Amino acid sequence: MTALSLRDVRKNFGATEIIRGVTLDIQPGERHCIIGPNGAGKTTLFNLISGRFPITSGEISLNNTRIDQQPPHLINRAGLSRSFQITSIFQRLSVFENLRCALLWSMGYRYSFWSALWRQKALNEKAEFLLEDLNLASRRDIPAGLLSYAEQRALEIGMTIAGGASVILLDEPTAGMSNTETDYAMALIRRVTQGKTLLMVEHDMKVVFDLADTITVLVYGQVIASGPPETVRSSRAVQEAYLGALEE
Amino acid sequence: MTRSGNGARWIWVFAVALALAVPWAFHNFQTGRDSGFVLSMLSQMGMMVILSLSYNMLLGQAGLFSLCHATFFGIGGYATVHFLNAAGAGSLPLPMEVIPLLSGLTGLGLALIFGYMATKQRATAFAMITMGIGELMATAALMFHSFFGGEGGVTTNRMIDHSLFGLTYASGMQVYYLILVWTLICAGSMYFLTQTPLGRMANATRDNYERAQFMGYDPRVVRFLQFSLSGLFAGVGGGLYAITYEIVTFDALAAPLSANALLMAYIGGTTVFGGPILGAVLITLLQSGVSLLSNSWLVYVGVLFISMVMFAPAGLSGLIIAHGPIAAAGRLRRLTVPYLRLVVPFLALVLGFVGLVELMSFLTIGAAQGKKLVLFGSAINIEATQPWLISVVCLLGGGAWLRWEARAFHRVWESLTADLKQRDRV
Amino acid sequence: ADTIKIAYIDPFSGPFASGGDEFLKIFKVLFDRINAKGGVLGKQLEIVPFDSKLQPAEALIALKSVTDQNIPFVMHCTGSNVGAALIDGVAKHNARNPDNRVIYLNCGALATELTNEKCDFWQFRFAGSVEMRAATRIRSLPKEITKVYLLNQDYLFGQSVQADTKKWLAALRPDIQIVGDELMPFGKVQDFSSYVTKIKASGAQSIVTGNYNRDLNLLIKAAVDDGLNIRFDTYLAHLIGGPTAIGATGEGRLTSIMEFSGNVPVDLKVPEAEKFVTDWREHHNTDFSTLNFMTMLDMLTQAITKAGGTDPLKVALALEGMQVKDFVGQDNTMRKDDHQLLMPYYAGVFTKDVKYDSEKTGFGWKTQYSASAADLTLPTTCKMKRPAS
Amino acid sequence: MILDVRDLHAFYGQSHILHGVDLTVNEGEIVSLLGRNGVGRSTLCKAIMGLVPPQGQVMYRGKDLAGLRSDLVARAGIGYVPEDRQVFPTLTVRQNLELGLKRAGKFGRWTFDDVFRLFPNLAARQNNPAGVLSGGEQQMLTMCRTLMGDPDLVLIDEPTEGLAPLLVEQVGVLLAEIASRGVAILLVEQKLTIALKISHRLYVMGHGKIVFEGTPADLAANADVRREWLEV
Amino acid sequence: MEIFVISLLNGLVYGMLLFMLASGLTLIFSMMGVLNFAHASIYMIGAYLAFQVSRVVGFFPALIIAPLLCGAIGAAIEIWGLRKVHHNGHIAELLFTFGLVFIVQRGVQMTWGMLPMPYRVPALLDFPLFQIYGANFPAYRAFMLLISGGMLLSTWLLLKKTRVGLIIQAALTHPNMVSALGHNVPMVFTTVFAGGCLLAGLAGVIGGNYQTTEPGMAEAMGPIVFVVVVFGGLGSLAGCFIASILMGMIQTFAVVIDYSVADLLRPLGLALKADNLLMEVLTVPIARIGALLPFAMMILILLFRPRGLMGTRDT
Ligand SMILES: Nc1ncnc2c1ncn2[C@@H]1O[C@H](COP(=O)(O)OP(=O)(O)OP(=O)(O)O)[C@@H](O)[C@H]1O
Ligand SMILES: Nc1ncnc2c1ncn2[C@@H]1O[C@H](COP(=O)(O)OP(=O)(O)OP(=O)(O)O)[C@@H](O)[C@H]1O
Ligand SMILES: [Mg+2]
Ligand SMILES: [Mg+2]
């Protein structure tokens with residue numbers, strides 16, 4: 001049983017093929033990092049998995065159920081949640097409301113227009129708890145759009161994991177963070193994704209090698225290597241295509 | 001939070017008390033007669049409050065720019081006429097007080113149908129679909145007589161002789177209180193809706209519909225439900241319209257009323273729940289009040305509108321809210337003098353502008369009527385150069401002066417808010 | 001009070017403001033004329049205008065304002081939709097406030113039903129109903145016409161015109177064949193060439209139409225451009241702005257049904273009225289055609305005098321059945337059964353061959369046919385409820 | 001000295017990105033600006049160009065350009081090659097290049113022929129919409145488009161980002177060619193190799209400030225700086 | 001056949017008139033994303049100015065002067081108004097133009113009064129050009145076709161062939177980049193808005209005497225032009241052109257069709273009789289609802305193609 005599995009997934013934008021046959025299996029509980037040069041198609045891959053774009057061909061399944069023809073909200077309900085490379089939060093809502101929104105569906109409120117939010121104790125407690133967890137309690141009532149960049153990223157992560165999905169996709173969660181912020185964010189991610197399946201895109205090699213159980217290298221829409229960090233780091237092809245320039 | 005929350009509560013209490021008391025301020029205790037005009041205005045305000053609040057469920061809360069909101073208001077009105085006629089004929093055994101609920105359900109019914117179509121899209125495409133729907137319905141209302149009564153509309157008699165409280169609804173006063181109660185019910189329900197999961201997700205899809213999708217919500221369903229519910233309230237508003245005027249014509253669902261809903265919500269401010277109420281009151285005053293004074297009232301509405309968009313995009317309520325932090329810090333007094341300094345040049349500007357517009361319109365339109373131009377209480381000879389000169393001077397001088405004072409005001413404001421920020425940090 | 005106030009509700013803003021403004025101008029002159037003669041019961045008449053914005057709801061709000069100010073008379077001349085609302089509003093107000101009644105003086109809401117099914121004791125209509133106009137319209141059609149095309153606006157007035165035209169064609173001119181009968185969207189058609197094509201194909205000799213303003217001007221323009229050589233037998237081409245917009249293209253083939261034109265006193269040889277016309281032309285660019293307004297005010301002042309005050313019920317009773325001679329000496333009667341003014345109508349043709357032209361276009365209305373009040377005494381279906389006292 | 005940036009600050013809304021940057025470029029010089037992702041190098045370029053409102057001084061040949069509209073900055077003689085390429089996708093390659101010209105038909109140091117000689121790929125595609133070009137070709141196009149405007153100083157932001165090694169070589173050649181025509185370059189780079197190879201001087205940025213300044217040799221010698229501010 | 005050919009011609013002329021108005025709107029709408037509700041108001045101003053100017057210097061100079069004046073008005077609106085509300089989003093821009101509609105409407109009434117203006121086709125063009133099935137084809141209509149053809153061509157050239165066109169197109173996707181290449185983007189936007197208003201003004205000059213010049217003319221033309229532009233699709237001049245002609249044709253042909261839905265059902269043996277709303281809907285002949293068809297079509301196309309007929313991006 002795999003948590004997430006991709007079978008020869010392809011994506012064309014017009015005539016150009018961006019994702020050229022990606023096959024990938026992610027085991028439950030695995031921490032899987034995808035690395036690769038800019039424009040390799042990592043974000044596109046996330047977009048395909050999460051249903052933002054339809055795939056051109058191939059197969060994607062979540063917990064052995066096909067999800068590749070489904071709209072994003074159904075995929076989410078099936079237990080997959082993602083974050084965005086470009087921060088994507090509800091700008092005008094307060095931090096607390098952002099988190100509460102992220103909790104709503106999973107706690108069974110659906111489209112309810114008869115239950116008053118302020119009376120939902122369990123919901124509010126959970127949101128407050130998350131707020132503490134994310135270290136955002138002091139910013140509780142500030143519109144999310146006014147948070148600092150790092151705080152927004154933290155909120156983004158918080159909203160992604162709030163719904164309690166079993167498979168989490170994080171797109172460059174630490175992009176634009178300072179070293180200490182990055183360390184903090186990584187600790188947070190480690191903590192909140194305990195026992196979940198994590199698929200993450202990241203450029204920061206320190207983070208990647210620290211966190212990942214498995215690394216996949218994507219170059220021009222193709223997987224050129226996949227395996228435990230040591231194997232990937234020592235792979236010739238990977239060094240040439242991605243790590244080489246850094247390592248001299 | 002609690003402090004401003006309490007303040008807000010008192011404002012509501014005050015507003016309700018005011019609404020209860022106002023008609024008596026215009027009551028003539030000697031003759032025992034009410035002011036019908038004032039009651040009509042107040043009643044009109046009541047239904048417009050419902051209309052603009054329900055419109056803001058779309059524009060402000062869900063980010064949906066609808067151009068057919070009057071459709072649901074109007075259909076509620078038409079249906080109510082038929083309900084009232086049936087009730088009057090004895091075939092609908094319902095008391096008057098409950099009938100607006102039926103009107104609302106009619107609005108809801110139609111909103112379910114049109115909402116299903118329109119909410120398929122969002123942004124401009126949504127706006128254009130609703131514009132089309134509005135035009136279709138307005139034209140249909142003129143074309144199909146059995147339900148809409150053509151151009152003459154359909155009439156009814158609200159004295160159906162069936163009331164929970166034994167009221168006849170012959171007098172405008174009784175009708176006004178009926179409207180007030182329903183307005184409070186609607187406003188309360190709409191406020192409640194903003195505090196429910198659906199209301200919150202409407203805000204969320206407004207800010208970022210894509211993210212909402214990745215949280216398990218289908219933004220289209222959110223839009224659809226929000227749209228339908230706003231149709232429900234608009235329908236109630238239309239029902240009250242029918243009860244007040246006892247006639248509904250196609251004007252009740254035509255484009256100008258849709259535009260009015262938009263104007264009221266925007267001018268009042270879409271970001272705060274109560275904003276549209278301010279807008280509804282102001283616009284009703286302008287349309288029914290100022291239009292008694294000047295036939296050029298449309299120009300004033302236009303200019304007010306443009307200046308609001310340019311200088312106060314958050315609307316009246318936005319302007320008020322901006323003072324919140326300063327008031328909370330107890331520094332409001334420091335703004336008194338700067339405000340007072342704005343008043344004189346502002347008045348000069350307004351005087352000049354109004355003067356010029358009225359002189360102009362009297363020169364070309366009014367002069368032919370042989371009416372005397374009465375401006376600010378005194379008759380004015382439009383042939384003389386003097387009034388023209390004064391107006392131009394007021395306009396230009398006031399404008400320049402106001403600009404200058406506005407800059408000074410801006411500096412004071414900036415320093416105040418900067419101060420507050422400083423204090424926040426400490 | 002030292003003046004007798006008469007409220008006047010009509011559109012003064014928005015796209016239809018031209019009508020209200022023009023009528024107000026006319027009323028101003030007519031009021032001055034009465035006041036110059038000493039007013040009524042020693043009091044001056046004063047007109048108090050209210051903007052209806054051509055919307056029933058606004059008109060009803062204005063009506064509240066009127067009753068608040070205890071103004072006993074309300075005039076209203078534009079829009080049958082507003083007229084219907086006012087009849088209803090006034091009736092209900094009077095029933096609910098017997099101490100503060102008003103009389104609705106309808107000077108131009110024309111739909112026939114307003115003095116038939118919808119008639120009311122408190123409404124007096126001082127303008128010919130569509131039916132009266134239709135009767136005049138059909139009678140004035142020349143003998144040689146055998147094929148007509150009906151084109152009307154798709155709303156209350158237009159439909160009314162359509163129905164009554166057909167009714168009187170059948171009654172008076174069975175020889176005429178209706179080769180086309182059509183309703184067009186009110187104010188929405190930008191291009192009439194397709195209608196013209198249809199009309200041409202039908203072989204009609206005349207378009208009989210209740211269209212006015214834009215809907216008439218564009219129709220005639222399109223027809224003339226297409227070289228359609230046909231008559232335009234209209235109901236309302238003489239309305240303000242019509243002659244200006246139509247201009248030379250209407251010469252000799254445009255006709256209209258009107259209450260008055262500058263050339264009527266010339267034909268009838270009434271120097272006093274002719275002088276009024278020449279005075280008018282000196283100060284105004286538009287025509288004076290609403291003689292019925294003058295008749296209305298004459299009747300109203302006589303009724304007030306007879307009632308000895310402005311009590312609406314007494315004035316209303318005085319108005320019922322009142323007979324006066326109008327400015328050009330013709331008989332006018334306020335019929336008691338339905339409160340419809342029985343008045344003469346004139347059919348005029350647009351031509352250079354007149355003494356007084358219209359709107360300084362060089363063309364004016366030459367009377368071709370006139371129908372007297374007696375001719376236009378048509379049956380009514382009105383079943384009026386009359387107040388007990 | 002062609003460019004002298006002094007105490008430059010910049011913000012995105014509430015977030016303070018540049019915290020007082022000082023930096024100079026001499027006539028005809030190639031200067032590299034290094035640093036990790038997100039330290040604010042691109043923001044510096046944008047602030048110089050006036051695409052982000054700058055606070056501080058941007059002296060260009062003795063004139064302060066800070067706060068000017070970006071088209072005026074460009075007309076003063078600074079060219080800008082953004083990191084995200086920003087080709088105009090619906091326009092053809094040739095039209096893209098034409099837009100680089102400040103006035104129609106007014107060529108300076110660079111002509112269509114030059115460009116097409118240097119990059120035969122572009123010549124072959126000159127009538128294709130730029131949107132269909134490969135990433136590498138788009139990068140070439142962006143640089144050439146800026147050069148058509150005949151700047152005396154170009155700010156080039158990560159020209160080798162996401163390019164295959166072969167193309168990276170070609171970029172090196174182009175940079176040399178640019179410098180040989182007397183144009184000064186401020187090169188923002190992540191890849192040390194190319195920067196060390198071609199630049200005359202280097203700056204390293206960290207947390208919105210300049211944390212190191214020196215020659216390539218200085219940097220090569222200073223392992224601390226490399227470890228702390230550059231390597232992963 | 002006869003009716004068909006003539007209707008075709010009529011539809012073409014009307015379509016071209018629509019296109020004259022729509023071209024300016026589509027320029028503004030698709031370039032700047034501004035839903036300019038005041039477009040028809042500028043059209044009206046154009047007609048009035050043309051009337052005023054032509055009284056002094058004659059029609060043909062007015063044909064040039066009036067649109068230029070409208071362009072100047074447009075530029076002023078952009079510089080002192082629109083530009084300032086731009087950062088508040090499209091709704092603010094739209095509401096701004098909404099306010100303008102009121103002001104222009106009353107402003108025109110205050111300046112020229114309420115009545116139609118005697119603005120007529122110049123004598124030089126007031127003759128039938130040729131006859132078809134006995135119907136005249138007036139020279140002025142040919143002149144209109146010529147002008148609108150010219151507008152199509154010049155808008156197309158402007159967009160495709162000149163650098164202004166290139167800059168506008170480029171600024172749509174990457175305004176900052178265009179600016180960094182040394183082009184003054186705000187000025188380009190002013191130019192576009194002014195250009196759109198100029199086209200509206202030109203349409204006013206032509207439409208003002210083809211139809212009538214009166215204070216209601218803006219309101220009459222406003223909605224239908226929006227329909228054309230949205231139906232055609234944002235950013236597509238070709239779409240706008242096709243939509244104009246299509247709408248012209250639809251409305252023209254609808255008038256000629258006297259059938260209703262009930263007529264279609266009758267041969268199927270479904271004789272309907274009742275006096276209710278549904279019956280009324282079914283028995284309305286197409287000719288009566290001609291004016292509604294464009295709106296219905298717009299709704300339909302947006303439901304299934306939110307970018308319109310040939311739009312390059314979502315509306
Ligand atoms: N909607 C689209 N239409 C056309 N091309 C696209 C689209 N989205 C992405 N691309 C192209 O697909 C390629 C891969 O993009 P993607 O965003 O997946 O890269 P990435 O690996 O996430 O890069 P980065 O590390 O910069 O985030 C790029 O060349 C991009 O231009
Ligand atoms: N439009 C924006 N709004 C808010 N923050 C931004 C924006 N653009 C960039 N930032 C943030 O500003 C900081 C500096 O960004 P900048 O692009 O200048 O970095 P850089 O040094 O060029 O890095 P890179 O290697 O990613 O190009 C980063 O934290 C980035 O996330
Ligand atoms: Mg990415
Ligand atoms: Mg960068």
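A, B, ... follow the sequence lines: proteins, then strands. Residue 1 opens every chain. Please read these numbers as outputs of a predicted model, since none were measured by experiment.
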Of the backbone (N, CA, C, O) and the side chain (C-beta and beyond), which part of [X] lies under 4.5 Å from a heavy atom of chain B, both, or neither?
{"X": "C:Q159", "result": "side chain"}
{"X": "C:E58", "result": "side chain"}
{"X": "C:T67", "result": "backbone"}
{"X": "C:L54", "result": "backbone"}

Aromatic plane relationship, [Y] with [X] - under 30° parallel, 30 to 60° tilted, over 60° perpendicular:
{"X": "C:F288", "Y": "C:F276", "answer": "perpendicular"}
{"X": "C:Y104", "Y": "C:H76", "answer": "tilted"}
{"X": "C:H284", "Y": "C:W280", "answer": "parallel"}

Dump the intermediate steps for ring pair (Phe, Tyr, Trp, His ring centres under 6.0 Å) on C:Y8 and C:F50, then the final yes or no. CA-CA 6 Å; C:Y8 173 47; C:F50 295 88; 9.6 Å; no
Part of B:Y241 lying under 4.5 Å from any heavy atom of chain C: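 Answer is side chain: those atoms of B:Y241 sit under 4.5 Å from chain C.
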Counting only non-hydrogen atoms closer than 4.5 Å, does B:T139 touch chain C with its backbone (N, CA, C, O), its side chain (CB onward), both, or neither?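 For B:T139, the side chain is the part near chain C, not the backbone.
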Without hydrogens or angle criteria, can the side chains of B:N260 and B:Q287 be said to hold a donor-acceptor pair below 3.5 Å? yes
Please check this pair: side chain of B:Y78 against backbone of B:F250, looking for a donor-acceptor N/O pair closer than 3.5 Å. yes
Which one wins on heavy-atom pair count under 4.5 Å against chain B: C:D88, C:D51, C:I47, C:V82? C:D88
Tell me which of these, C:S80, C:A57, C:A85, has more heavy-atom pairs under 4.5 Å with chain B than the rest. C:A57
Inspect the contact between C:R96 and B:E246 and indicate whether a charged nitrogen and a carboxylate oxygen are less than 4.0 angstrom apart.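 Looking at C:R96 together with B:E246, the answer is yes, because their closest N to O distance falls below 4.0 Å.
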For chain C, which of B:N28, B:N157, B:T168, B:V248 has the most heavy-atom pairs under 4.5 Å?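 Top option by heavy-atom pairs under 4.5 Å: B:N157.
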